[in-house]
Amino acid sequence: MHKLTVLLAVTLVACNQQPAAPLVAADLEITPAMPGKSMRAAYLALTNNTDDAIRISRVTSDAFAIVELHETTVDDGVARMRPLDALVIPAGATVRLQRGGKHLMLMRPSGTAASITLRFFDGDQPVLTVSAPLAAESG
């Protein structure tokens, strides 16, 4: 009887668990704008919980007119940022958007919002929405 109770409890827990979201964000950081500038950067980790690659083709926000995927590269000792057409998160993998690498550039703020919502798209399909507070601007 004891084994049946344990099996029933495990089955109930398994049935009540929510399936993992296809794409999950963690460690979202929005930088403050530099003195005299209005653009910000966003860094985060994106985890793909599916068996297929997810291709982030665009990111939007009501708080910024332009959100671009960028990558920092170093050529001949000079760091340069270049826009990316897309960001691919392989099946079952985590991709980190971080300083000195891939990141989001948030440009042309459309107000003085205290928080920001970012919407990530794979083609026309929304795959993730995340929100975070905005740090106060410097200087």
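Given the structure is predicted, the values throughout are model-derived calculations rather than measurements.
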Measuring from atom [atom1] of [X] to atom [atom2] of [Y], what distance do you get when rounded to the nearest 0.5 angstrom?
X	Y	atom1	atom2	result
R80	T72	CZ	OG1	12.0 Å
E71	L97	CD	CG	9.5 Å
Q98	Y43	CD	OH	9.5 Å

Query raised in the report: Counting only heavy atoms not in D124, do more than 12 sit closer than 6.0 Å to its CG atom?
Result: no

Query raised in the report: In terms of heavy-atom contacts, does CE of M39 have more than 12 from other residues, nucleotides or ligands at under 6.0 Å?
Result: no

Query raised in the report: Does a donor on one side chain sit under 3.5 Å from an acceptor on the other, for T50 and N48?
Result: yes

Requested in this report: Indicate yes or no for a side-chain donor-acceptor contact from T31 to the backbone of R40 under 3.5 Å, with no hydrogens or angles considered.
Outcome: no

Query raised in the report: Where the side chain of D27 meets the backbone of A45, is there a donor-acceptor pair that is under 3.5 Å apart?
Result: no

Report task. Answer yes or no: is there an ion pair linking R82 with E68, defined by an N-O contact shorter than 4.0 Å? Result -> no

Out of curiosity, does [Y] fall in the hydrophobic cluster containing [X] (side-chain heavy atoms, cut-off under 4.5 Å, transitive links)?
X	Y	value
L28	L46	yes
L69	F121	no
L84	L106	yes
M105	V95	no

Report task. Among D62, L128, T129, L104, find the residue that satisfies the side-chain contact (heavy atoms from CB on, under 4.5 Å) test when tested with L118. Result -> L104

Report task. I would like to know whether S131 and S115 meet side-chain hydrogen bond (donor to acceptor under 3.5 Å, both in side chains); could you show each step before the answer? Result -> CA-CA 7 Å; S131 296; S115 65; over 6 Å; no

